[in-house]
Visitor: 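Take this structure, written in structure tokens, and hold onto it; I'll ask about it next.
Each chain gets a letter, A, B and so on, in the order its sequence line appears, and its residues count up from 1.
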There are 2 protein chains.
Amino acid sequence: MELIKIYACLCDLTRLRLLNVLAQGPVCVCHFQEILQEPQVKISKHLAYLRQRGLVRAERQGNWVIYALAPKPSRELKANLACLQDCARENPVFKRDAARLKKIEPSCAWVRAGELEKAPGQYRCGC
Amino acid sequence: MELIKIYACLCDLTRLRLLNVLAQGPVCVCHFQEILQEPQVKISKHLAYLRQRGLVRAERQGNWVIYALAPKPSRELKANLACLQDCARENPVFKRDAARLKKIEPSCAWVRAGELEKAPGQYRCGC
DNA sequence: GATTCGTATGCTTATTAAGGCATACGAATT
DNA sequence: AATTCGTATGCCTTAATAAGCATACGAATC
């Protein structure tokens, strides 16, 4: 069932952080490393987990891979992501991630990738 | 983290069904068996899971044990339970459970138990 | 006090998942 | 074509979980 799949994706802190960052727009893996301060394997595996379950899309851009939220989220997914955003607002962990994202943003060229253009938000990567 | 715990509770169909029924008010285990059409062990174990994590409270009433939603839910829990209710509205599984609950309701004496009185809704048990 | 009823728990098995290390991959660079 | 860079994956270990069977428990009844 769609709902179970969604909740399974949400019941890990790393994935929660990834999704919460992605809510601001597409991000590449290298930036996730900086923002979450977690090893590359860990991030890559959790992104794969989310990708395999359709919550997230990936697109290669040269050497980098840019991740974005799924373009056509189900009603359930949309509702739960909104709920997560709401709950994350006051949480120190998510707030810290958001701060690091803001810090990285200016030092990073904006990238426009064909496929991902349909996704919400702006492109933050270019490394 | 509170959020992770909540999502871990929500990522199982049986628990989702239990919580969705409990949103209508306290219910005893025997009625859960009728409503979910699942074996007693399964229901009892998932209720224990929810109880150990504080989403749910239990109170003995003679031979029966009546379960209810936690009396003082956190902001996160409240938000997610509301989201679940919203998502469950259109789902055939949850709708079927709700129908079975309605069917049982009239044939069942209303019980007032001391502790649980603080919980939302009405008591459905008495078997 | 023995039995019955409703519920909970211990045990076992199978599945899933998380984390880390090493390594493989594709694209760009040299 | 060899190397480098960013990312993904295979393998391993460990831990958590689900499900079912058998059994234990507490309260009521006989």
Visitor: Whether the side chain of Arg15(A) engages the backbone of Ala8(A) through a donor-acceptor N/O pair (distance < 3.5 Å, no angle test) should be reported.
Guide: yes

Visitor: Tell me if a side-chain donor or acceptor on Arg53(B) pairs with a main-chain N or O of Tyr49(B) at a distance below 3.5 Å.
Guide: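 Flag set: sc Arg53(B) to bb Tyr49(B) pair under 3.5 Å.
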
Visitor: Measure CD1/Ile66(A) against P/dT7(D) and give the value in whole Å, please.
Guide: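 One finds 9 Å between P of dT7(D) and CD1 of Ile66(A), rounded.
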
Visitor: Which comes earlier along DNA chain D counting from the 5' end, the contact point of Glu38(B) or that of Arg53(B), where each point is its nearest nucleotide?
Guide: Arg53(B)

Visitor: What is the distance from CD1 of Ile4(B) to P of dA17(C), rounded to the nearest Å?
Guide: 15 Å

Visitor: Can you check the Gln33(A) CD to dA8(D) C1' distance for me, whole Å?
Guide: 12 Å

Visitor: Just by protein heavy atoms under 4.0 Å, how would nucleotides 22-30 of chain C read 5' to 3' in B, S and -?
Guide: ----BBS--

Visitor: With sequence neighbours excluded, tell me which residues meet salt bridge (charged side-chain N to carboxylate O under 4.0 Å, His left out) with Arg89(B).
Guide: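 Per chain and number, Arg89(B) pairs via salt bridge (charged side-chain N to carboxylate O under 4.0 Å, His left out) with Asp86(B).
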
Visitor: Please check if Val41(B) and Leu47(B) belong to a single hydrophobic cluster, counting links between Ile, Leu, Val, Met, Phe, Trp and Tyr side chain heavy atoms closer than 4.5 Å.
Guide: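 Result: no, two separate clusters.
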
Visitor: Starting at CZ of Arg57(B) and ending at C1' of dA8(C), how long is that distance when rounded to a whole Å?
Guide: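 My rounded result for the distance is 19 Å.
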
Visitor: Is Arg17(B) reaching over with its side chain to a backbone N or O of Asp97(B), donor-acceptor style, under 3.5 angstrom?
Guide: no

Visitor: How does DNA chain C read in dot-bracket, base by base from 5' to 3', with Watson-Crick or G-U pairs under 3.5 Å and | used when the partner is on another strand?
Guide: ||||||||||||||||||||||||||||||

Visitor: Is there a donor-acceptor contact under 3.5 Å from the side chain of Arg100(A) to the main chain of His31(A)?
Guide: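 The answer is no, because no donor-acceptor pair under 3.5 Å joins these two groups.
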
Visitor: Please check: side-chain N/O of Asn20(A) versus main-chain N/O of Leu16(A), any donor-acceptor pairing under 3.5 Å?
Guide: no

Visitor: What's the closest nucleotide to the Tyr49(A) side chain, out of dA19(D), dA18(C), dA8(D)?
Guide: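 So the nucleotide nearest the side chain must be dA18(C).
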
Visitor: Give the nucleotide from the list dA18(C), dG6(D), dA8(C) with an atom nearest to the side chain of Val65(B).
Guide: dA8(C)

Visitor: For the side chain of Cys30(B), starting at C-beta, report the closest nucleotide among dG6(C), dA8(D), dT7(D).
Guide: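 Nearest listed nucleotide: dG6(C).
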
Visitor: Side chain of Lys42(A) only, please: which of dT7(D), dG19(C), dA18(C) is the nearest?
Guide: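 Closest nucleotide to the Lys42(A) side chain: dG19(C).
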
Visitor: Search all heavy atoms of Cys11(A) against all heavy atoms of Ile4(B) and return the closest pair with its distance.
Guide: O-CG2, 3.5 Å

Visitor: If I take atom CG in residue Leu36(A) and atom P in nucleotide dA18(C), what distance separates them, rounded to the nearest angstrom?
Guide: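 It works out to 15 Å between those atoms.
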
Visitor: Given atom CG of Leu10(A) and atom P of dA17(C), what is their separation to the nearest angstrom?
Guide: 14 Å

Visitor: Just compare dA18(C), dT9(C), dG6(C) and give me whichever is closest to any side-chain atom of Asp12(A).
Guide: dA18(C)

Visitor: Provide the closest heavy-atom pair for Ala23(B) versus Leu69(B) in the form atom of the first, atom of the second, distance.
Guide: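 Ala23(B) and Leu69(B) have their closest heavy atoms at CA-CD1, 3.9 Å.
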
Visitor: OP1 or OP2 of dT7(C) less than 4.0 angstrom from a side-chain nitrogen or oxygen of Arg51(B), does that happen here?
Guide: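 Answer no for this pair, as no side-chain N or O of Arg51(B) is under 4.0 Å from OP1 or OP2.
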
Visitor: Does a side-chain N or O from His46(B) land closer than 4.0 Å to OP1 or OP2 of dA19(D), or not?
Guide: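 The answer is yes; a side-chain N or O of His46(B) sits under 4.0 Å from OP1 or OP2.
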
Visitor: Donor-acceptor pair, Arg51(A) side chain versus Ala58(A) backbone, under 3.5 Å?
Guide: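 No, because the side chain of Arg51(A) does not come within donor-acceptor range (under 3.5 Å) of the backbone of Ala58(A).
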
Visitor: Taking for each residue the nucleotide of DNA chain D bearing the nearest heavy atom, is the 5' side occupied by Pro39(B) or by Leu47(A)?
Guide: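 First, find each residue's nearest nucleotide; the 5'-ward one identifies Leu47(A).
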
Visitor: Measure CD/Gln52(A) against C1'/dG10(D) and give the value in whole Å, please.
Guide: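 My rounded result for the distance is 13 Å.
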
Visitor: In whole angstrom, what separates Trp64(B)'s CH2 from dA8(C)'s P?
Guide: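 Rounding to the nearest Å, CH2 of Trp64(B) and P of dA8(C) are 14 Å apart.
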
Visitor: Looking at Tyr67(A), I'd like to know whether one of its side-chain N or O atoms comes within less than 4.0 Å of OP1 or OP2 on dG6(D).
Guide: no

Visitor: Report the residue (Ile43(B) or Thr14(A)) whose heavy-atom-nearest nucleotide on DNA chain C is the more 5′ of the two.
Guide: Ile43(B)

